[in-house]
Amino acid sequence: MMLKKLHYGWIMVIIATFVLATHSFVLFGFGVFLRPVATEFGWERGALSGAFSLSMLFSGIFALITGRLSDKYGPRILVTISGISVGVGFILFAQVNSLWQTYLIWAVFMGVGGSCAFIPLTSTLPRWFAERTGMALGITVAGFGTGGIITPPLTQWLISSFGWQQA
């Protein structure tokens, strides 16, 4: 009996699911960092939460641009930019010592990072499928939700074990 060859689109679904699961750290991890960062610097949680709100605002604005860029150039370069932007953002976040730096990092680096992953991936995946498009997108977006389940306890464990800056 011969095994049916796996359609390459499903490989892309697996990769996109993993990318969105890892990007959920930006959305679902911030709340876990809130208490230790606010405590260390004596900032109000509301003021610190504003950085996350600004990140979501910028992500929405950048999504308009990244959608067009994805249509023109494809998702590969945008997803790469997303990974670099979020990675640099977390590295810089570990070095902050003032609230304005937190706002800048979360608005620019995390905002760009968020918009360069979700929109390009979810708009490109359907092109790989003639059938089962909804299933492919559902699995991919479930990766983001799965990351949302895993991220808070993992982030809390990292903070408890290594401190918020190392986490």
Side-chain angles (χ1 to χ4, degrees), residues 11-67 69-70 74-122 124-125 138-167:
I11 303 296
M12 297 309 295
V13 166
I14 292 166
I15 293 168
T17 301
F18 178 74
V19 168
L20 291 183
T22 57
H23 272 71
S24 68
F25 273 88
V26 174
L27 184 63
F28 299 109
F30 185 85
V32 183
F33 281 103
L34 200 60
R35 178 176 284 165
V37 173
T39 301
E40 179 164 329
F41 294 109
W43 299 335
E44 294 291 325
R45 283 197 223 176
L48 185 55
S49 295
F52 180 77
S53 299
L54 195 58
S55 172
M56 293 295 102
L57 176 67
F58 273 50
S59 185
I61 292 168
F62 290 139
L64 298 171
I65 298 165
T66 59
L69 292 173
S70 180
R76 185 175 298 171
I77 187 72
L78 292 169
V79 173
T80 302
I81 289 169
S82 176
I84 292 168
S85 180
V86 168
V88 168
F90 275 123
I91 290 168
L92 291 174
F93 183 56
Q95 309 301 317
V96 298
N97 54 27
S98 64
L99 191 57
W100 73 266
Q101 293 171 334
T102 305
Y103 272 73
L104 180 68
I105 290 165
W106 279 86
V108 176
F109 290 95
M110 303 307 194
V112 168
S115 68
C116 285
F118 193 85
I119 299 299
L121 290 174
T122 57
T124 303
L125 277 176
I139 291 169
T140 302
V141 174
F144 193 74
T146 302
I149 294 169
I150 295 168
T151 295
L154 178 59
T155 304
Q156 184 59 56
W157 176 79
L158 289 169
I159 291 171
S160 297
S161 299
F162 304 105
W164 74 267
Q165 291 173 316
Q166 294 298 316

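These numbers were taken from a predicted model, which means no experiment stands behind them.
- Atom CD1 of residue I77 and atom OG1 of residue T66 lie 13.0 Å apart, to the nearest 0.5 angstrom.
- Considering CG of L104 and CG of L99, their distance stands at 11.5 Å, rounded to 0.5 Å.
- In this structure the side chain of I84 reaches within 4.5 angstrom of the side chain of T80, judged on heavy atoms.
- To the nearest 0.5 Å, the span separating CD1 on I119 from CZ on F62 amounts to 14.0 Å.
- With sequence neighbours left out, the side chain to side chain contact (heavy atoms under 4.5 Å, CB included) criterion links I149 to no other residue.
- Separating the CZ atom in F18 from the NE2 atom in H23 is a distance of 10.5 Å, to the nearest 0.5 Å.
- Of all non-hydrogen atoms in T22 and V19, the two that sit nearest each other are OG1-O, 2.8 Å.
- For L64, the side chain to side chain contact (heavy atoms under 4.5 Å, CB included) criterion is met by no residue, not counting sequence neighbours.
- The minimum heavy-atom distance between L125 and A16, with the atom names listed, is CD1-CB, 3.8 Å.
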Test F144 against F28 for ring pair (Phe, Tyr, Trp, His ring centres under 6.0 Å), laying out the working first. CA-CA 10 Å; F144 193 74; F28 299 109; 5.6 Å; yes
Give the C-alpha distance, both sets of side-chain angles, the deciding distance and a yes or no for side-chain contact (heavy atoms from CB on, under 4.5 Å) between V96 and L92. CA-CA 7 Å; V96 298; L92 291 174; 6.0 Å; no
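- Taking the side chain as every heavy atom from C-beta outward, F30 and L48 approach each other to under 4.5 Å.
- Judged by distance alone, the side chain of Q166 and the main-chain N or O of G163 form no donor-acceptor pair under 3.5 Å.
- For the pair M12/T140, no side-chain contact is recorded, criterion being any heavy-atom separation below 4.5 Å from C-beta on.
- F93 is not listed as a side-chain neighbour of Q101, based on a closest heavy-atom distance of 4.5 Å or more.
- For the pair V26 and W106, the minimum side-chain heavy-atom distance is below 4.5 Å.
- Screening residues 36-54 for side chain to side chain donor-acceptor pair (under 3.5 Å) gives E40-W164 as the qualifying pairs, with residues at least two apart or on separate chains.
- Nearest heavy atoms, S85 versus V108: OG-O, 4.3 Å.
- The two residues A21 and S24 have their closest heavy-atom pair at O-OG, 2.5 Å.
- Once rounded to the nearest 0.5 Å, the distance linking CD of Q156 with CZ of F33 reads 9.5 Å.
- The distance from atom CD1 of I61 to atom CG of L54, rounded to the nearest 0.5 Å, is 8.5 Å.
- Among the candidates S70, S82, S115, the single residue satisfying the side chain to side chain contact (heavy atoms under 4.5 Å, CB included) test with P120 is S70.
- Although no hydrogens or angles enter the test, the distance criterion places no donor-acceptor pair under 3.5 Å between the side chain of T124 and the main chain of L121.
- Within the 3.5 Å criterion, the main-chain N or O of S55 finds no donor-acceptor partner in the side chain of S59.
- V86 and G113 make their closest contact through CG2-CA, 3.7 Å (heavy atoms, listed as atom of the first residue, atom of the second, distance).
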Verdict with supporting geometry, F52 and L27, side-chain contact (heavy atoms from CB on, under 4.5 Å): CA-CA 8 Å; F52 180 77; L27 184 63; 3.2 Å; yes
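- Using a 4.5 Å heavy-atom cutoff, the side chains of F41 and N97 are in contact.
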